[in-house]
Amino acid sequence: MKSTLKANTVLVVPVAPSRGRLRPLGLDEVRITGGFWARRREVNATATLDHCRDWMERVGWTGNFSTPVEERRGREFADSDVYKLLEAMAWAGTGSGNTITETIASAQEPDGYLNTAFGRPGRPPRYSDLEWGHELYCYGHLIQAGVAEIRTRGEGELAKIAQRAADHVCATFGPGGIDSVCGHPEIETALVELARATGEQHYLDQAALFIDRRGRGSLADGEFGRAYYQDDMPVRQATVLRGHAVRALYLAAGAVDVAVETGDEDLLAAVVRQWETTVARRTYLTGGMGSHHRDESFGDDFVLPPDRAYSETCAAVASVMLSWRLLLATGEPRFADLAERTLFNVVATAPSEDGRSFFYANTLHRRRRGTVPVADAVSPRAESSLRAPWFAVSCCPTNVARTLALLPAYLASVDDHGIQLHQYADAEISVDHIALRVRTDYPSDGIVTVRIARSPDHPWTLSLRVPAWTEGATARLVDVDGTRRTVAPGTATVTRVFRPGDEIRLELPVAPRWIGPDPRIDAVRGTVAVQRGPLVYCAESVDLPDGREVDAVRVDAAAEPVDGPDDTVVAPGELAEPHDAEWPYRPPDQAEVPSAERQGIVLVPYNSWANRGPSTMRVWLPTTRR
């Protein structure tokens with residue numbers, strides 16, 4: 001089913017579907033004013049963006065657009081990180097990308113082709129390596145940067161560059177052109193967003209063509225098989241996300257975009273089915289996805305080893321992108337639940353407190369204390385045991401930067417009945433005749449107060465997500481008149497004629513609780529973890545006495561963990577000593593010597609670990625035997 005597109009009224013959002021259950025609110029309608037995310041966004045704006053730009057200049061990636069071919073530096077996809085930086089700058093409202101844009105413009109060919117690794121004298125021919133060359137992938141990030149410019153500042157030079165590149169893609173890969181796809185999906189969702197921003201149907205048509213071509217085996221088989229780049233079966237036939245995690249999630253996001261704009265309910269249902277199975281069987285407690293280091297891929301069902309968790313930061317960003325699209329399309333709060341878990345426990349974990357070093361992979365168990373990386377050196381991809389200032393493949397820092405810059409766009413939406421709050425932060429929301437003031441110290445505190453600042457004279461509905469993690473506890477909603485009612489996980493609504501000064505209060509039970517794994521996850525059977533609200537907690541060696549390491553921790557799951565000072569949790573437990581012997585297998589009651597005394601084990605939010613120097617860490621904790 002084809003769509004007749006019209007250019008959207010300018011919404012300052014990364015995703016602007018023309019149909020669906022919900023309409024997103026933009027950066028001009030939602031402002032984060034304090035709390036957890038405000039602090040991180042401030043660091044992003046004042047430190048991370050400049051840090052990324054400085055490093056890309058230092059390692060030569062921005063210079064690739066103007067230097068001689070023989071001096072090109074970085075991997076074949078280095079162009080994409082320059083584009084992600086420009087996108088982040090656009091969402092953050094900085095004008096510091098103009099010089100970079102001018103340099104990029106000078107490198108674009110008359111027919112719109114633009115790539116510093118291919119198609120130039122002395123470089124491989126255009127589109128000679130669709131499996132690994134990333135040319136279309138790079139265009140995807142260029143186009144998304146161009147759309148960000150259109151929606152934040154109006155069409156400028158960056159948007160024109162992006163549109164010329166998109167026209168080139170349609171001419172080259174459209175009907176009668178190259179009958180193939182890119183080894184790394186990304187172009188699909190970018191083309192749909194450009195279609196939404198410009199009203200140009202051919203961009204949507206090309207995105208739909210790429211989705212339909214995927215899975216026909218047009219890419220060469222390789223070391224990791226065609227499933228690695230999702231070319232093993234058509235999107236509509238897949239039942240779970242597989243292969244390279246970032247590729248799979250970007251492709252799914254693009255498929256949702258195409259499905260929504262074309263009214264293709266079967267395609268949308270296929271992606272929902274894949275999301276459901278992946279969340280149920282291939283997702284870490286933190287929301288992280290991807291358990292294989294060698295190919296950065298999903299493992300088989302329930303293969304989720306904590307100490308070998310890859311859980312790439314970029315996969316977390318892509319997961320949030322997918323969940324947000326599914327939420328807008330369906331209105332179902334379960335998609336916001338996963339986005340929240342992933343934002344707090346992977347996206348927020350990646351950058352350091354100062355915003356100048358990053359995790360590429362996000363392990364759930366660090367057995368050895370890490371090594372502080374050299375401050376002025378590039379770290380091998382994903383191999384830094386602590387956050388590193390830059391990587392040979394630095395897709396993750398720029399992906400985090402653009403996500404934090406556009407984060408307010410993920411907080412709320414509207415429909416014909418009212419406003420929906422999906423993520424909780426201290427914020428101001430203003431749309432049409434309604435204005436809200438949200439006050440909360442979430443996730444440290446579970447109280448979310450919504451004060452009405454402006455309201456029409458007719459009834460409308462305020463909807464608040466009640467997170468899935470409240471299951472088994474008691475969440476309450478306090479109405480304008482003080483009436484309190486218990487609310488179940490899902491959505492709580494209040495429909496009435498609101499007056500300025502009215503307040504609605506959501507009370508969420510953020511007390512710490514034990515979490516157990518599905519018994520089919522062999523790697524963590526017999527252990528427990530602690531979650532407090534949306535935050536996953538971990539034990540870190542810096543909080544243990546006498547230089548002990550976290551593998552000595554045993555917790556008593558028969559007693560309850562309690563709140564400690566400064567957002568810590570204290571779990572009842574002990575420190576055990578192993579029996580060292582010539583043979584490592586013994587009767588269970590002789591395997592280790594427990595400590596003489598019980599003690600409180602201090603746990604910290606997982607997103608804060610490794611900010612106090614090298615340490616060992618674990619999320620899943622063995623239990624005591626007595």
Side-chain angles (χ1 to χ4, degrees), residues 227 238-246 248-249 273-313 315-316 319 323 334 337-342 344-346 349 359 361-367 467-469 471-472 512-532 534-540 550-551 553-558 561 569 571 573 576 588 591 601 603 605-607 609 616-625:
T239 59
V240 67
L241 298 179
R242 70 247 177 261
H244 187 279
V246 181
L249 289 158
R273 180 175 66 245
Q274 295 163 30
W275 183 93
E276 290 172 339
T277 308
T278 303
V279 171
R281 294 168 177 262
R282 299 185 175 187
T283 301
Y284 283 97
L285 177 64
T286 56
M289 293 186 180
S291 60
H292 285 186
H293 279 245
R294 181 167 173 263
D295 54 357
E296 302 182 301
S297 292
F298 288 99
D300 293 332
D301 290 352
F302 304 109
V303 178
L304 295 165
D307 54 342
R308 291 298 297 162
Y310 197 65
S311 183
E312 184 182 340
T313 298
S319 175
S323 292
R334 57 182 175 153
D337 284 333
L338 181 63
E340 175 185 70
R341 180 178 295 275
T342 309
F344 276 118
N345 298 300
V346 188
T349 305
F359 280 133
N362 294 275
T363 183
L364 276 69
H365 186 178
R366 171 67 65 188
R367 295 181 182 275
W469 55 257
E471 184 177 4
R513 58 169 66 180
W514 297 116
I515 300 293
D518 187 297
R520 289 170 289 184
I521 307 175
D522 287 335
V524 291
R525 187 182 291 127
T527 65
V528 293
V530 171
Q531 186 173 323
R532 183 182 186 277
L535 298 182
V536 172
Y537 275 68
C538 65
E540 193 173 4
V550 293
D551 284 350
V553 169
R554 304 291 181 267
V555 294
D556 182 359
V569 166
I601 306 297
L603 307 178
Y606 173 74
N607 62 42
W609 92 274
T616 57
M617 176 277 299
R618 67 184 302 164
V619 168
W620 290 104
L621 306 170
T623 57
T624 59
R625 296 186 180 277

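Just so we're clear, the structure is a prediction, and the values are computed from it rather than from any experiment. When a residue number appears, it is its place in the shown sequence, counting from 1.
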To the nearest 0.5 angstrom, please state how far the [atom1] atom of [X] sits from the [atom2] atom of [Y].
X: Asp556; Y: Trp514; atom1: CG; atom2: CH2; answer: 7.5 Å
X: Thr363; Y: Met617; atom1: OG1; atom2: CE; answer: 5.5 Å
X: Arg618; Y: Glu540; atom1: CZ; atom2: CD; answer: 14.0 Å
X: Leu285; Y: Cys538; atom1: CG; atom2: SG; answer: 11.5 Å
X: Arg242; Y: Gln274; atom1: CZ; atom2: CD; answer: 6.5 Å

[X] side chain to [Y] main-chain N or O, any donor-acceptor pair under 3.5 Å?
X: Thr527; Y: Pro622; answer: no
X: Arg273; Y: Ala238; answer: yes
X: Thr349; Y: Asn345; answer: yes
X: Arg554; Y: Gly573; answer: no
X: Thr616; Y: Val550; answer: yes

Enumerate the residue pairs fulfilling salt bridge (charged side-chain N to carboxylate O under 4.0 Å, His left out) with a member in residues 302-312, sequence neighbours excluded, ordered by first and then second residue.
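Sorted pair list: Asp307-Arg367.
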What heavy-atom pair brings [X] and [Y] nearest, and what distance separates the two atoms?
X: Ser311; Y: Gly288; result: OG-CA, 3.2 Å
X: Ser291; Y: Gly299; result: OG-N, 3.3 Å
X: Val569; Y: Pro561; result: CG1-CB, 3.8 Å
X: Phe298; Y: Met289; result: CE2-CB, 3.6 Å
X: Val279; Y: Thr283; result: CA-OG1, 3.4 Å
X: Glu296; Y: His244; result: OE1-NE2, 2.9 Å

Can you list everything that forms a side chain to side chain contact (heavy atoms under 4.5 Å, CB included) with Leu304? Sequence neighbours excluded, please.
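Here the qualifying residues are Tyr284, Ile521.
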Taking only residues two or more places apart in sequence, or in another chain, which ones meet Arg513 in a side chain to side chain contact (heavy atoms under 4.5 Å, CB included)?
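So Arg513 forms a side chain to side chain contact (heavy atoms under 4.5 Å, CB included) with Ala473, Ile515.
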Contact between Asp301 and Arg282 at the side-chain level, heavy atoms closer than 4.5 Å - yes or no?
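A side-chain contact exists here, since the closest heavy-atom pair is under 4.5 Å.
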Under 4.5 Å between any side-chain heavy atoms of Leu621 and Leu603, yes or no?
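In contact.
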According to ring-ring contact (aromatic ring centres under 6.0 Å, His included), who are the partners of [X], at least two apart in sequence or on a separate chain?
X: Tyr310; value: His293
X: Phe359; value: Trp609
X: Trp620; value: none

Do Arg334 and Asp337 meet the salt-bridge criterion of a basic N to acidic O distance under 4.0 Å?
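Here Asp337 does not pair with Arg334 in a salt bridge, since their nearest N and O are not under 4.0 Å apart.
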Qualifying residue for side chain to side chain contact (heavy atoms under 4.5 Å, CB included) with Trp275, from Leu241, Leu338, Leu249
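Testing Trp275 for a side chain to side chain contact (heavy atoms under 4.5 Å, CB included) against Leu241, Leu338, Leu249 leaves exactly one candidate, Leu338.
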